[in-house]
Amino acid sequence: PANANSVIHWTQDGSGVLFIDFRNGVTNLMLQSFDSSPTKQLTEFTKEQFYSFDFSPDGCVLLSRGFWTNDVVLISDAR
């Protein structure tokens with residue numbers, strides 16, 4: 001989705017940020033630490049997308065996941 005990369009959360013310890021990475025029609029959760037280490041991919045989804053995520057107080061992650069469908073409807077003057 002167009003806004004997939006707009007969801008960003010601080011890590012619970014404040015050492016980095018978590019964000020959604022959108023590539024080839026698939027989204028995955030990524031971690032960017034502030035210690036100059038490379039970005040780390042935390043999920044390994046190969047299909048579908050998730051649109052948002054959040055954490056429970058005990059640190060479990062919740063993802064809103066699914067896929068887009070599109071329909072086209074033509075409405076014309078039937079006179």
Side-chain angles (χ1 to χ4, degrees):
N3 65 350
N5 293 322
S6 64
V7 179
I8 298 173
H9 289 279
W10 290 98
T11 57
Q12 288 187 323
D13 64 1
S15 65
V17 291
L18 298 151
F19 63 94
I20 297 173
D21 183 45
F22 180 74
R23 294 180 198 208
N24 302 319
V26 178
T27 52
N28 278 289
L29 187 61
M30 308 294 281
L31 167 64
Q32 179 61 63
S33 296
F34 297 135
D35 63 3
S36 300
S37 60
T39 302
K40 181 178 179 183
Q41 184 173 327
L42 301 178
T43 58
E44 295 186 23
F45 297 125
T46 58
K47 61 181 180 177
E48 298 181 353
Q49 300 169 13
F50 65 93
Y51 311 104
S52 64
F53 67 96
D54 208 345
F55 294 91
S56 66
D58 65 352
C60 292
V61 66
L62 172 71
L63 303 173
S64 173
R65 189 170 176 213
F67 57 91
W68 287 98
T69 60
N70 297 298
D71 292 319
V72 175
V73 177
L74 174 63
I75 299 173
S76 62
D77 186 358
R79 287 190 243 178

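What's counted below: heavy atoms across the whole structure, side chains too, no hydrogens, waters or symmetry copies.
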For the side chain of S64 and the backbone of F50, is there at least one donor-acceptor N/O pair under 3.5 Å apart?
->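 Side chain of S64 to backbone of F50: no pair is present.
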Does a sphere of radius 6.0 Å around CG in D35 hold more than 12 heavy atoms from other residues, nucleotides or ligands, not counting ones at 6.0 Å or beyond?
-> yes
Quick one, [X] and [Y] - any side-chain contact, counting heavy atoms below 4.5 Å?
X   : Y   : result
L63 : Y51 : no
K40 : L42 : yes
V61 : L29 : yes
T11 : L31 : yes

Identify the residue among V17, I20, D54 that makes a side-chain contact (heavy atoms from CB on, under 4.5 Å) with H9.
-> D54
Which heavy atom of [X] sits nearest to which heavy atom of [Y], and what is that distance?
X   : Y   : value
L18 : F53 : O-CZ, 3.6 Å
T39 : M30 : CG2-CE, 3.7 Å
N28 : F45 : OD1-N, 2.7 Å

Taking the six-membered ring for Trp, are the ring centroids of W10 and F34 within less than 6.0 Å of each other?
-> yes
Distance from F22 atom CZ to Q49 atom CD, nearest 0.5 Å?
-> 4.5 Å
